[in-house]
Structure formats: C-alpha cells, structure tokens
*Asks:* 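Encoded as structure tokens, here's the structure I'll be asking about.
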Amino acid sequence: MAIIGDEKHVSDSSSSSDKDNAVPTDFPKDTEKTLLGQAPVPIHQDPPAPPGKLQAKEVDVGSQEETDPLKHLSDEEREIIKRQVDIPNIKVTIGMLYRYATFYDLVIMAISALCAIGGGAALPLMTVVFGGLAGTFQTFLYDGGSADQFDSSLSHRTLYFIYIAVGEFVTIYVATVGFIYTGEHIAAKIREHYLNAILRQNIGFFDKLGAGEITTRITADTNLVQDGISEKVGLTLQAASTFVAAFVIGFIKYWKLTLILTSTVVSIVLTMGAGSRFIVGWNKKSIEAYAEGGTVAEEVLSSIRNATAFNTQKKLARQYDSHLIEAERWGLRHKAILGLMIGAAMCFIFLNYGLAFWEGSRLLVAGETNLSHVLTIMMAIVYGAFSLGNVAPNIGAFTTALAASAKIFSTIDRVSPLDPESTTGEKFENIEGTLELRNVRHIYPSRPEVVVMEDVSLLVPAGKTTALVGASGSGKSTIVGLVERFYDPVGGNVFLDGHNVEDLNLRWLRRQMALVSQEPVLFATTIFENIRYGLVGREAANLGEAKVRDLVENAAKMANAHDFVTKLPEGYETNVGERGFLLSGGQKQRIAIARAVVSDPKILLLDEATSALDTKSEGVVQAALDKAAEGRTTIIIAHRLSTIKTADNIVVMSQGRIVEQGTHDDLLERKSAYYNLVEAQRIAAETEQKATEEVDFLDMADGKVNGAPMRTPMTEKGNDFDEDPDDLNLNKTKTGKSQSSMVLANRKGEEDHQYSLWTLIKLIASFNRQELKYMLIGLVFSIIAGGGNPVSSVFLAKCISAMALPAPFFSTLRSQVDFWSLMYLMLAFVELISYAGQGVAFAYCSERLIHRVRDRAFRTMLRQEIGWFDQEAHTAGALTSFLSTETTHVAGISGATLGTLLVVSTTLIAAMAESLAIGWKLSLVCIATVPIMLGCGFFRFYMLARFQQRAKQAYQKSASYACEATSAIRTVASLTREDDVWEQYHGQLVSQQGRSLQSILRSSSLFAAAQSLMFLCMALGFWYGGRLIGRGEYTLQQFFICFSAIIFGAQSAGTVFSFAPDMGKAKHAAAELKALFDRTPDIDSWSEEGEKLPHMEGSIEFRDVHFRYPTRPEQAVLRGLNLTVKPGQYVALVGASGCGKSTTIALLERFYDPLTGSVLVDDKDISTLNLNEYRSYLALVSQEPTLYQGTVRDNVLLGADRDDVPEEQIVQACKDANIYDFILSLPEGFNTVVGSKGSMLSGGQKQRIAIARALLRDPKILLLDEATSALDSESEKVVQAALDAAAKGRTTIAVAHRLSTIQKADRIYVFDQGKVVEAGTHSELIARKGRYFELVNLQSLGKTH
C-alpha cells in the first residue's frame, strides 16, 4: 500500500483518472464524515461552484496537494496521523521466509537438504560409470581385449548403476517428504503471524486496506510463499549438487578440458541473473493489480443484492476487468522473459557439446587425455549445466514467493501505534467509569483534509447515562471511537477516572467497556459462543462450563433474548451463519447486547443500537438496554429521540462541536437545537389522544423495567414488551404439513459433478480459442525444440565413434569431429529461437487465459440467484479467495506446461522412430523401459490431485474464518478477541497439517521411484547393448544413437513430472470452474426469455404467497400473504421485525421465487416476464445503502442501465435526492472518491446518493426498504423529503420502522407473522385502535411525565 507522504500515493489519489481505484482509501463505517455544509479544510472560503468550474477547482487541489496531503497540518498532528497509517517497506531476503522455522523444522530441513544433495550427486557419478563403459567398448573393439574380460567388466560396471539407483530412491524420498512437510508447516506459521499482525493493527490501518486485499494475502499470497519453500527447494538443491559434483568429477578427470568447458556455465549464470531481475519487479506489479481487483470483487460480492436489483453486474464486472488488464500486462512480460532465458540456456548446452568434442579431439590427438575422460567430463558438464536448467522453473517460484511475502512481512513487522497485544500501560483494580474529553480535535487518518471534531470538551459522569444526538456527520460516533481508543485524537486528551487513556493498557481499557454498534456483527458460530465472546479475557471466562452457561443465559435474559433463543430448534446451540444472517435484525441486536452485558462492563457504549429495528423490536431492545444501562456509565448515540428521553444528560452536537447539553425537559424548554430535532420526529396523531394514551404506555414501560410486568387493557392481546413477534415465528408450525414444506420436500439438491479430463481440457481450450494462431506458433516452436535431443544424439554418436579411432586415423578423426562440432553450433541457435518463440507465444496465451477465466468466473458468480449467495460455501470471502487462487491454477494446463509437454512428447516420439530405424533390438529393450518411467510420473500426478482437493478445503475454511474476523475488526477489537480468534485459526491449521502429512508420505514414494528407475533403465540398456557389441552385431555408432536417443529422451520425459503439481491443481481448478460455469441459476439474470413489457402501469398483487428462505427451510416467513397496490399508490408495510416485510420486497425484486402463490405486476406473474426488463422498471433503496469504491459520479451512474447518461439527468437526480449541494461542497465534487463500501461518507449522505441512483433509473415502482432507519432526525428529514418527492407519480412500497415517515401513505399494511393483519390509511387505522395504533403510540415523543 502506498504510504501517505509518498509522492506516488498522493498524485494517484488526487488525479481523478482510473487510478483512483489504485489507492483504496478505505474509511471506517461509522465515522463522522464530511461535515454537512462545511467545506473541508484545504479550501475554506470557496463557495460551492457550479459543475463547470468544479473541474477546474479539482485540478487545483490536485496540483496543490501533489506533495503531501498532510501539508496543512502542524508537525505534531502530521506525526500522529502518519503513525496510524504508515506501513514499513521491507526488503525480503530468502532467509526471512524461514524466520518462523522451529528447531525441528531446521533439523528436518538439514536432513532433507543432505539427502537432496546426495540424490543430486548420483547423476554425475553415473557419468563416471558411463565413461568407463565407453572406454571398455573402445578397448574391446580397437585394442583387442578378450571377450571374457569384456563380460566381467561389463557386469561389474552395470552393478554400479543398480547401487546408484537404490541410493537415489532413498535420498529423493526423504528430501521430498521433508521439504513438503516443513514448507507447509512454515507457511502455516506465516499465516498465523500474519493474522496475528492484522489483529494487532490499529483501526486506521484497515481504513486504508480493502477487506479483499487481506483475503488475497491470507489465501493466494501465503500459498505462493508455501510453493516457494516446499518441494521446489529440494529440487533446486538437488540440481545445485548435481552441478557441483559434476565439476568436482571433471576436474579430477582432466582439469584443462573442464576449465575450458566452464565457460558454458558462466554464460548460463549471467543470462539467468540478468533475466530474473526483471522477473521479480514485474511479478510484484502483477500481484498488486490482482489485489486491487480482489477488493473490488469482495465489495461487489458482499453487496450482491444491490448489484442484482440495479442490474449493474456488467458495469461492476467491467470495473473488475480493468484491474485484470493491468495485471495481465505485467504477467505477460514476466512469463515471456522466462521463455527467453530457458531458450538461452538450451543454446549454451549445445554449444558446450560442440566445444567439448572440438577441444577434446585436439587434446586426445596430443595424447593428453583419452576418450573415456572426454566423455565423462563432457557429460558431467552437460548434466551440471542441465541441472541449472532445472533450477530455472523453480527460480520463478522463489521470486514469486519473495514478492508475495514482501506485503505479508511488511504488515507483520509494522509496529501498531495502538497495539492491543501490548503489555505496557497502567491497569487498575477498580474503576468508577468517569469519562472526560478535554479540548479534543480529531482528524481521521485516511481522510486528513477533513477536521471531524474541533475543541470538544465533555464530561461523562460515572454510573450515569449520557446521550449524544445531532445530524449525521456531527462527530457522535467519533466520540465512541476515541473512548474505545480506535484512534488517537490529533489534539486534546481523553481521560478515564482522571487518567489519560494513552497511559492505560489498551486491552485492559477495552475490557472495561462494551460496545453495541448500529450494525451488530455476529460470528459464524453458535448463539452461545457469540454471547460467550463477551467474556473473552475476563475472570469469569475461567469459571467452568456450568457457571459460564449461567452467565450467558442471564445476559440473554437481560437482553430479552432468552425466550426467542430457547424456542429455536437447537436453542443456544443454533448456528447463526456468516455475519449472523440467519437471524433478523432485532434478534442479532439483542444477542449483541447480551454479548455486551455478559461481562458486566463498567462502561456501555451504544452506537445507535436500535436504529435498524422496527418499533416493536425496538421496544423490546430498548427495554433491554435500559435494564443493561442501570448503574453503569453509558454513552448512547441515538437518532430516534424517543429512546433517550430518560438520559441523565443529552449532548447535542453539530459540525464537530457541542451545541447544547442538559436533560430532555431542560432542552425542550430552551426551544433551541434539541427542540427542533424533537419537532422533526413528532407523529401527527391527534394530540389529546396521544397525551392520554402515552401516560399508560410509559407507565407500562416503567413497570416492565422494574420487574413487575403491568397489564393494561391494550396489552392483553399478548403483545407485551417482552415478546418480539420474531420470536413467535420460531415455534414449529402445527403438525400436518404446511403448503411450503410440501413444495420444499419435492425439490432436489444440487448434484456433485464429476468431469472427465477431456471435458476439462476442452473447457480450458475454449478460453484460448482466439489465440489459436499464437498457440499454433507455440506448438510449431515446441516441436522444433523437442527435436533438439534426438538430433543431438546422432551428432553425439558420430563424434564418439570418430574419437574412438586408433592413432593411425587421427587426421580423419580431426576432420570428422570439426564437421560435427559445427553442426552443434547450428543446432544451438535453432534451439534458442524455438524455445524463445514458444516461451513468448505460450506466455501470451496463458495470461489471456487467466484473464478470461477470472473475468468469466466473476461474471458467472454475479449471474447466480441470491439464494446461492446465502449458502455457507458461497460467502463473499470464500468466493473472493476462489477468484484469486483457483483461476491462477488453471494456467497449469496452458502455457509453459503445455509447451514442455509438447517438447517432451516430440522428443520421445522422434527418439523412438530414429533409434528403431538404426538398431531395432537395442531400441526395443530401451523403449520397454519408457512406460515404467511415465507410469511413475502419472501416479505422482494422481496422488497430488487428491492431496490438492483435501488441502484446499482446509485452507479455504481457515481463510474464510480469518477473513470473517478481519472484516469485523472493530468488533474483534472491542471484544478484545484477538487471541481467541488466533487460537481458533491456529487449531484449524494444525489439524490440516496432520492430514496432509499422510498424503505426502504416499505420493513422494512414487516420485522418488520415478527418479531412481532411470538408473535401472540405463543399466539395462548398457548391459544389453554391451552384449550386442560383444557379439559383433552392433557398431559403436549404432549403440550410441539408440542408447542416447531413448535414454536421454526418457530422461527429459522425467521433467514433465516436475509440472505434475501444477497440473494436479489445474485439473481440480478446472473442475470447480466447470461446475460454476455449467450452473444455470433458477432466476437467471442472463436469460433472454420471458415477456418484455413495452411499459408498466405499476399495479402489484401478492396472491396467497408462501415463502421460506432456501437456507432455513424449517422456518416459514410468509404464510399466505395477500396484498394489492394500485398504480401510483404509496403503500407502506409496517410490523415487527422478522414478520416478512423485507421478504416481500425481495420477492418483488425477484431475488427469490415464492414456494406457492404468485406475485403479479400489471396482472402478469413476474416469473413469466423477462427478468432484466422487469427489474429495469424497479428501483430499490435499502436499509444499508451500498456504495462501491470509485467516485460519487460512478456510484450515481450505477443506477442507469445505459452508458450515455446526460449530465443534466445526473444533476437532476442528485437535486431530487437532496444531495447536490453537498456533492458540490466536497473538494472534488462529483469526482470525490467515496472509499471502500462508501465509508468516507456518513449514513445520511450514503443514503441520499443511493436515492439519487434509484431516481436516475426513473423507475415505475420504487421500493424503499427502511430507507431512513439508519439516519438521525436531521438527515432523516432531508432524506424523507427527497423520498416523498421521488414517490410522486410512481407506485411506491415503503417498509418503515419509524411510523412518522409513512403517515401520508395512501394505504398502510400491518404485517404479523407473514400475513397482513390490518390495512387502511393512517387515520382509519388510528381510529380502529388496533395493532397499528399500538405501534404508533409506542413511538410517540413528548415530554417525559
């Protein structure tokens, strides 16, 4: 991540090009943002400019801030902010990858390394035996040795081959097992340390990183590191040892020739060194681009409902694609240069052959050496140099591992300015709980140009309730963030009982308080565990199971949650799903409250804890909160003023300052800011009636809190405060099946797919169809490159038989050898061109492939219906990690792997054909051994594919666990759950390692066998060939052509197996992708079928609709819902949470299809209409508006299906949504970046941008799902005015918790348990004095009596 103050970052973030996305300037969700109507600091005086001038001004800001966004701050303030966001830049060395190796790891690695070295030395040793045998042949043929001598010498030397084979098997086996095991172990340690480091960071650090980036690091990048420290280390050591042993042997045999041939090695090393410098840099750039793409994907997948409703899948996919294009550019360069390097290496090897024979023949004629030595030296040097060729593919893995680990280690080594793990700082036995802010000035680190609080001083007395109210963006949540010490203020101090919080131990401080936030985060575990997390680190946690269960149940009772939990089929052991999505808002909130009070904290912080609830759940939750707040220091942030009437002190904030404070009654007397806020929330029921009823109600509430439930005639129906109707749904339906359960019983689950290898290859090939001509070029080059080996075996045989000639023929010997040496020169350059050509061609194809697969996988995910995303396997984290890891694996069947396979198969086929033509007997014997070698390779491939499958699931589960924790970092931090999260993650990794070990032990034995059998095959070939020469059937030349073509050919076939892991992964990944691509969703947004409506009137009808969510089939949500809406009507749905209001909207958007019954629009069943066309008439504004990274303009434009939206329409939509003036007040106007998930804006601002987006569609039906619930009164008034204007002339369906917002509705439907129980206008329903009347009274606001 670029660092603030580093030139590049600044210019990026202020230039408003595509690069805006390059710096995820994420910003916390609940922080106070740009102050309403107050221009941010750098440009105080400028009045808001019209759009024309805006562009000019924006450029100014860019150039003015080119140097440093912190320029306008004092040195001290700059220091405080930098400290919170700086990330150190780390130069990673190879040694650093092993910094977490234990003593045992080091011992295992040392033993494995010795074995790898031993295994590597086997090849050069073999050349000594080989040279010796050639010498034996020469003596027998030309120097007249006897047949018996020849036989015994032959058998004796053949045995050496067998000894070498056995040694090779043992050493390679140990080395492979050892390195894979330690690689996995160390990678797990890095994963743990990384998670530990992430959990240790201050919140400001996360404001800059996207959640997707952390996911990518934990999944993809740690896999890359593991790849770089596992079996490839063994293979590399083996190769290095071959290299060294070869030279030792060469120098012993004859130093002069060896020295001359060393030139080969020098040139290889220089070429590699130069190339790898480029590779590292380019690879790093490619990884960075993918991480940014990952953040985009995560944002979109976690807000899939919004993308679906607005039909913006294509636009968002394009945004993701722009990052992929960048990554492809760098990846292509990196892979192409690798191809060039390999080509150069091959070229040098053949040049070496030519040089060896040419120089060797001179020395031989001069009598300085003999044929056996020349052959031994030449082959040893070739093996030595070849072994360097084997290092080349692995270098890629190491450089990638280093590049990937740089980001990981820079996070691990970052010193967090607010480190919860730290043991420094004071702790006290007892605290009273008095909080004080003195002259606090605060600026958020990721938004340094806006001052959020200016000179705020506030005293929160111990044991009393202090309420904070004010417009959104006024600084209320900031106070909570400072008290929890999520941030350090840039000026002033925060005190607890007179002690500066900066001097207190951070973890101890956070354990003194409990936070309940607006959007409670639950973890994917049971309800019991979720509540128990509140006890983490407290004494009570160690009291034993029974005691803890009592505490948990008491906390649940206090939070009014016990009753509904016990009614669930599994009670406290019910799993709540990712982020608690299986519970309704009210239920989640009450569990969060239970979690907060279970540890009996001294300080309770409630950040709009009831804003997202409807009246009835709010009553229940509010009663719970009042109970919880007794005798504790409580800070309440509230938008709904009815919830804070009883507070001991109410503080009204505006624009980062405190305007007034006092009790509810005092402030009303003053008729100032607070009075206006209350007026804004007044409900228009007849005043007298309200006054009389309200007395009963408040008394009833008081009676309730004091423990004795009072009954008034109104509550006889059983709608006592204690009941959240949500909770009634949980009772099992009457025996006798309901309609929906009958339908569900007939549904089939999704089947598991098995695909043949051919199907998968076809799938992958289809992605490269457009690159066919490049593929063909690559294939032709591969075939030419593969012909190098068989051709060189002819040259080799010619040279050897020439050099075996006795002294009288020395002149013939020299002229023949000179000719063949020149042929080697020709061959060397042919190989250079062909390897380089195939490298570049396949690099291009492979990068295009990865790009296309990612793009299509992402688009296909966005195509799925919403029910698919509700499943546990398809959480945003799991899908993001699928996109980052699986798609890269697919390249294992393309590109370099494919090239190598072709080279090898050409080599084998050509070698067999050639040698059969020259000497069939020996050829057949040698060919018989080839299947054995290939068989072993196949087994290793097969074992690895199985190993892959298991490992992937384990790491995916642990990765998605880690992602869940990091995306809820505020909750983890406020619960001080860091150690606990880490423990669980550690447990998951440990169990995975045990399982992996067994599979490693099995698959490595086959790999080792494949390596050692080569020596046995050689032994067989030599022994049989020797017999044929002995009998005079073969000449030396025939023997060497047949033997070297096939045996060396088979040897190069052995290199295929080093790609087996990649192919194993590729097969698995391809199968996963195939399953994804083949899945046709039940509700398919790609489908062209269905009737297209030329226009829409907007009448809506639900006929006897029954519905259950696919993930919770046991729970009925709608039970026979009937309702009608006439065109142009404004209809409101009200009722307790969990009664099916939002579900009704989801069915109208056709996120789900009803189980029975039908949803009709304009008298047509919506399931018969064309889906995209139908959705284009709808617009949805939901409770939590979703904004994406990018500018304000990008976000508004997501509302339109078309691309050419005129500027006037955008401006008009923003004016209608009441947000236009605010946008102009931002430093960069419409081009202001909103941050990840829109976190730079306050709730009200986000909501109005979401409304502007909805209005840009000009919908016929407007769906408002609690569009104002998360706002304070002032923003609510503004947003509500915008919504009322928007609803004119459209059919509007509003789900509302705050009834004041819907009293003007044409018709109000009151829901209860999935049915409509009352319907009518506001005044009719009030007159009826039924369910609705009761809800209205619950929400009335007046003076407390």
Side-chain angles (χ1 to χ4, degrees), residues 1-6 24-28 31 70 76-90 96 99-100 189-211 213-214 217-218 405-427 442-448 480-490 494 500-511 513 515 536-537 962-963 965-983 985-986 1236:
M1 210 54 295
I3 296 168
I4 293 215
D6 142 5
T25 24
D26 293 12
F27 205 60
T31 41
L70 307 178
E76 189 186 348
E77 292 175 338
R78 190 174 313 153
E79 194 37 55
I80 291 175
I81 286 186
K82 275 183 105 144
R83 189 177 71 208
Q84 296 185 64
V85 285
D86 273 4
I87 301 177
N89 253 338
I90 283 196
M96 279 177 76
R99 62 201 260 190
Y100 299 122
K189 279 271 191 293
I190 292 178
R191 287 184 169 98
E192 287 172 6
H193 281 275
Y194 179 69
L195 182 66
N196 191 13
I198 282 286
L199 295 173
R200 221 181 40 229
Q201 301 310 329
N202 54 316
I203 304 295
F205 171 83
F206 292 95
D207 300 345
K208 290 193 66 63
L209 277 190
E213 185 159 331
I214 295 175
R217 300 263 168 274
I218 281 188
S405 64
K407 285 261 166 87
I408 294 176
F409 286 131
S410 66
T411 306
I412 292 179
D413 292 343
R414 179 176 190 265
V415 178
S416 167
L418 301 169
D419 183 355
E421 307 270 308
S422 151
T423 49
T424 55
E426 302 178 59
K427 302 181 182 178
H442 184 60
I443 296 174
Y444 280 110
S446 47
R447 193 89 188 272
V480 169
L482 293 173
V483 167
E484 273 272 8
R485 216 167 157 225
F486 286 156
Y487 301 95
D488 277 339
V490 293
V494 182
N500 187 339
V501 292
E502 296 188 14
D503 304 334
L504 302 176
N505 176 279
L506 185 60
R507 182 162 281 182
W508 174 85
L509 171 74
R510 288 186 182 157
R511 283 183 178 163
M513 45 187 85
L515 168 68
V536 168
C963 296
T966 50
S967 59
I969 186 70
R970 283 163 183 264
T971 309
V972 171
S974 65
L975 292 171
T976 64
R977 260 198 71 201
E978 293 92 355
D979 292 351
D980 175 59
V981 167
W982 185 85
E983 287 295 329
Y985 185 62
H986 172 73
S1236 168

*Asks:* Within this structure, what is the NZ-CG distance for the pair Lys427 and Leu506, rounded to the nearest 0.5 Å?
*Replies:* 11.0 Å

*Asks:* Taking the side chain from Trp982 and the backbone from Glu192, do they hold a donor-acceptor pair closer than 3.5 Å?
*Replies:* yes

*Asks:* Can you name the side chain to side chain donor-acceptor pair (under 3.5 Å) partners of Glu484, sequence neighbours left out?
*Replies:*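 Applying side chain to side chain donor-acceptor pair (under 3.5 Å) to Glu484 gives none.
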
*Asks:* Residues in side chain to side chain donor-acceptor pair (under 3.5 Å) with Asp419, at least two apart?
*Replies:* none

*Asks:* Indicate yes or no: at least one non-hydrogen side-chain atom of Ile198 is less than 4.5 angstrom from one of Thr411.
*Replies:* yes

*Asks:* Do the side chains of Val480 and Phe486 get nearer than 4.5 Å, heavy atoms only?
*Replies:*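 They are not in side-chain contact.
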
*Asks:* To the closest 0.5 Å, what do you measure between CZ (Arg485) and OG (Ser974)?
*Replies:*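 The CZ atom of Arg485 sits 15.5 Å away from the OG atom of Ser974.
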
*Asks:* What residue among Arg510, Arg507, Arg511 forms side chain to side chain donor-acceptor pair (under 3.5 Å) with Thr976?
*Replies:* Arg511

*Asks:* Mind running side chain to side chain contact (heavy atoms under 4.5 Å, CB included) on Arg447 and Ile443 for me, showing each step along the way?
*Replies:* CA-CA 7 Å; Arg447 193 89 188 272; Ile443 296 174; over 6 Å; no

*Asks:* Mark yes or no for whether Arg414, through its side chain, and Asp86, through its backbone, hold a donor-acceptor pair below 3.5 Å.
*Replies:* yes

*Asks:* Distance check, rounded to the nearest 0.5 Å: Asp980 atom CG versus Leu199 atom CG?
*Replies:*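 Spacing of CG (Asp980) from CG (Leu199) equals 10.5 Å.
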
*Asks:* Is it true that a side-chain atom of Asn505 and a backbone atom of Ser422 form a donor plus acceptor pair closer than 3.5 Å?
*Replies:* yes

*Asks:* From Ser405 OG over to Arg99 CZ, what is the distance, rounded to the nearest 0.5 angstrom?
*Replies:*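 Separation between the atoms: 9.5 Å.
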
*Asks:* Measuring only between side-chain heavy atoms, which start at C-beta, is Leu975 closer than 4.5 Å to Val536?
*Replies:* no

*Asks:* Please name all residues satisfying side chain to side chain donor-acceptor pair (under 3.5 Å) with His193, sequence neighbours left out, ordered by chain then number.
*Replies:* none

*Asks:* Please check this pair: side chain of Arg200 against backbone of Ile412, looking for a donor-acceptor N/O pair closer than 3.5 Å.
*Replies:*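 Indeed, once roles are kept as given, a pair shorter than 3.5 Å links the two residues.
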
*Asks:* Check whether any side-chain heavy atom of Val85 sits under 4.5 Å from a side-chain heavy atom of Phe205, and report yes or no.
*Replies:* no

*Asks:* With side chain to side chain contact (heavy atoms under 4.5 Å, CB included) as the test, pick out the partner of Asp488 among Ile81, Leu418, Val501, Asn202.
*Replies:* Leu418

